[in-house]
Structures are given as structure tokens and as C-alpha cells.
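A short worksheet on the structure shown next.
Just so we're clear, the structure is a prediction, and the values are computed from it rather than from any experiment.
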Amino acid sequence: MTQEPARPRLRLALAGFPERYVLPGRPAAAAPVVQDAYRQTLFLLGGDLAVFERAMNLQLQIVAANARLRTPAAAAIFAFWSRSFTHLADVCALMGLGSYASCPPLLRTACDCIAAQRSLLADGFAEYEQWLPGAISQAREHVALAIDLGRFRAGSVLAQDQRLGSAYRLLTDLCMPHFGSTALQTAPDSSLQRLAIAFADSAFHLGWAELTAGWLLTLAGAQIETVVASNVFALSDDLRRETEIVGQEIGSAVSSPRRCHVKEEGERFLFHNFRRTASGAPRRVLL
């Protein structure tokens, strides 16, 4: 009987990362309605975007300062952190194109990835370290590299954070094919007399833009908080001061009562200041 050769130990490494995050540029070849959405987003939400860009670059600074870490804990956080970072960057691009309905699934997944990091930190990375030794193998019958799925759910962690938990519950409903959430996203200008469905709408909507920007800031802030509190990564005094400044800027931006925001009312959600344009009358919508 031939003995199975010993599996080599996986080497952990951060193979690459961006040097800088830059906000999406103007979509020059897009339809006029999309270009208008980008213009209004930049004009009306320029302050939010500036804080978001600063938060994203702060994350990359922390990554760069810890790029040589080779521990399982660092590998686990880097992997989930990479997913949340990419999802937030993509949502920012979609928001500028007026593609608001495409944002909730990515935002919800970013929430899940942040929750996974917090869950791993809470249990000392036990499940990850159990998965890691057999994570990658050779599937000889398929002549393929086999990656063990390692199913992992950490949604319960979100209940411990009121901001993330509330956002996650709403984003989950917006992701599902419910009649009401579909109507709100495809027919936001409806009234008691008309269900006004706008097919593949890319026109600017201030309410959706402010909500999306608020979620971007909230999740970017939560990701930074998670990394800073993890004790997995080293942060210089300058980076720690920057995290405090960015955290304050995010808190100030998302707490403005003038922006569109959502509050939970039992099992439902009440949207405040929901309107298409800056000059439009603010509405409340109960979902």
C-alpha cells in the first residue's frame, strides 16, 4: 500500500494590495441621465465622498503597515477585510451611476464579512485554524485544486452592534424579492394613485444616494473599528490619531438629521426625508 505523501504546510502571505483608493471618475461614455446622476452625486454628497475616500485610504495605510504579517489571524482578517473593502468600493461606483438597486446585495455581503471578522476575533480564530490545515488539497479524481468550503455564518454578531444590526436587517429585506422592497426600489416616486415603475432607472435620487452614502460610511467605519480593536495589527500613533479623526468625521456625517435616514418601527422601517431631488418635498415612507 502506497502511503499518501505528507501535505506541505500552507505558507501565508499577503500577495498584493492597492497603494491608494481614488473615487470613481466621471462616466464620460455613459448616457446623459447617468452622467447627471454622477454630477449630482458629486455636488450634493461631495462631503460624504471625501470622508469615504479618506476612510478607504486609511484602511490601505493599515494594510501597508502590516503587509509582512504571516499569522493565521492576519490571513483570516485580510481575506474578509479584502472582500468588504472591494464591495464598498464597488458600491461607491454604482451609486455614482444611479444604480441604487444594485447596492444592497454588496452592502449586505460587506456586513457579513465584517461580522465574520468580529466572530473570529471573539472565538480566538478556532474555526479558521481548524479549517486551515486542510484548506487546499489536490482532488485527483477531478484533476483539480480543491478548496474546502468551510461554511461559516456570523450574523448573530451583528445583533451586538445596533448600527450594523439595523442596517443589516434593512439591507436583507431590500435584497429579497419582496413585493414592497421591490416597489420601493423600482417605483420610488409612487403615490396613492399610481405605482410608477421606472424600468432600469438610472436617474439621480437624493434619498437613495444619501442612504447609500450613509451605509458606505457606516460600514467603512465599522471595518476600521474592527481592525483597530483586533490587536492583530500594529498601528503607529499617527495611524491611531487618523482613525479617531475619521471616526469623528463619519459620525458627524451620518448623524445629520437633514439627510435621508431610516429608523426601525417594530418589524418595519420608516424612511425619513425620502425625495428624488434636493428641492423636492421630504417624504416619510414606511416599508
Practice item. Kindly give the heavy-atom pair with the smallest separation between P104 and A101, and that separation in Å. Key: CD-O, 3.5 Å

Review point. Can you list the residues that meet the side-chain hydrogen bond (donor to acceptor under 3.5 Å, both in side chains) rule with S166, with sequence neighbours excluded?
Key: E264

Practice item. May I ask you to decide whether R108 forms a salt bridge with D112, counting only side-chain N to carboxylate O separations under 4.0 Å? Key: yes

Check your understanding: With the threshold set at 4.0 Å, does a side-chain nitrogen-carboxylate oxygen contact exist between R259 and D48?
Key -> yes

Check your understanding: Quick check, are the ring centers of F17 and F85 under 6.0 angstrom apart?
Key -> no

Review point. Residues two or more places apart in sequence or in another chain: which of them pass ring-ring contact (aromatic ring centres under 6.0 Å, His included) with Y38?
Key: none

Review point. Listed by chain and number, what are the ring-ring contact (aromatic ring centres under 6.0 Å, His included) partners of W81, not counting sequence neighbours?
Key: F233

Point to revise | Donor-acceptor pair, side chain of H205 and main chain of G207, under 3.5 angstrom | key: yes

Review point. Taking the six-membered ring for Trp, are H261 and F271 ring centroids under 6.0 Å apart?
Key: no

Practice item. Identify, with sequence neighbours excluded, every residue that meets salt bridge (Lys or Arg N to Asp or Glu O under 4.0 Å) alongside R39. Key: D36

Check your understanding: Can you list the steps and then say if E242 with D238 is a side chain to side chain contact (heavy atoms under 4.5 Å, CB included)?
Key -> CA-CA 6 Å; E242 181 71 0; D238 287 343; over 6 Å; no

Point to revise | Salt-bridge present (D161, R118; N to O < 4.0 Å) | key: yes

**Study point:** salt bridge (Lys or Arg N to Asp or Glu O under 4.0 Å) partners of D201, counting only residues at least two apart
**Key:** R276

Check your understanding: What about W131 and F152, are their ring centers closer than 6.0 Å?
Key -> no

Practice item. Under the ring-ring contact (aromatic ring centres under 6.0 Å, His included) rule, collect the residues that match up with H178, sequence neighbours excluded. Key: none

Review point. Is there a donor-acceptor contact under 3.5 Å from the side chain of Q185 to the main chain of S181?
Key: yes

Review point. Cut-off 3.5 Å, side chains only: do T218 and R163 have a donor facing an acceptor?
Key: no

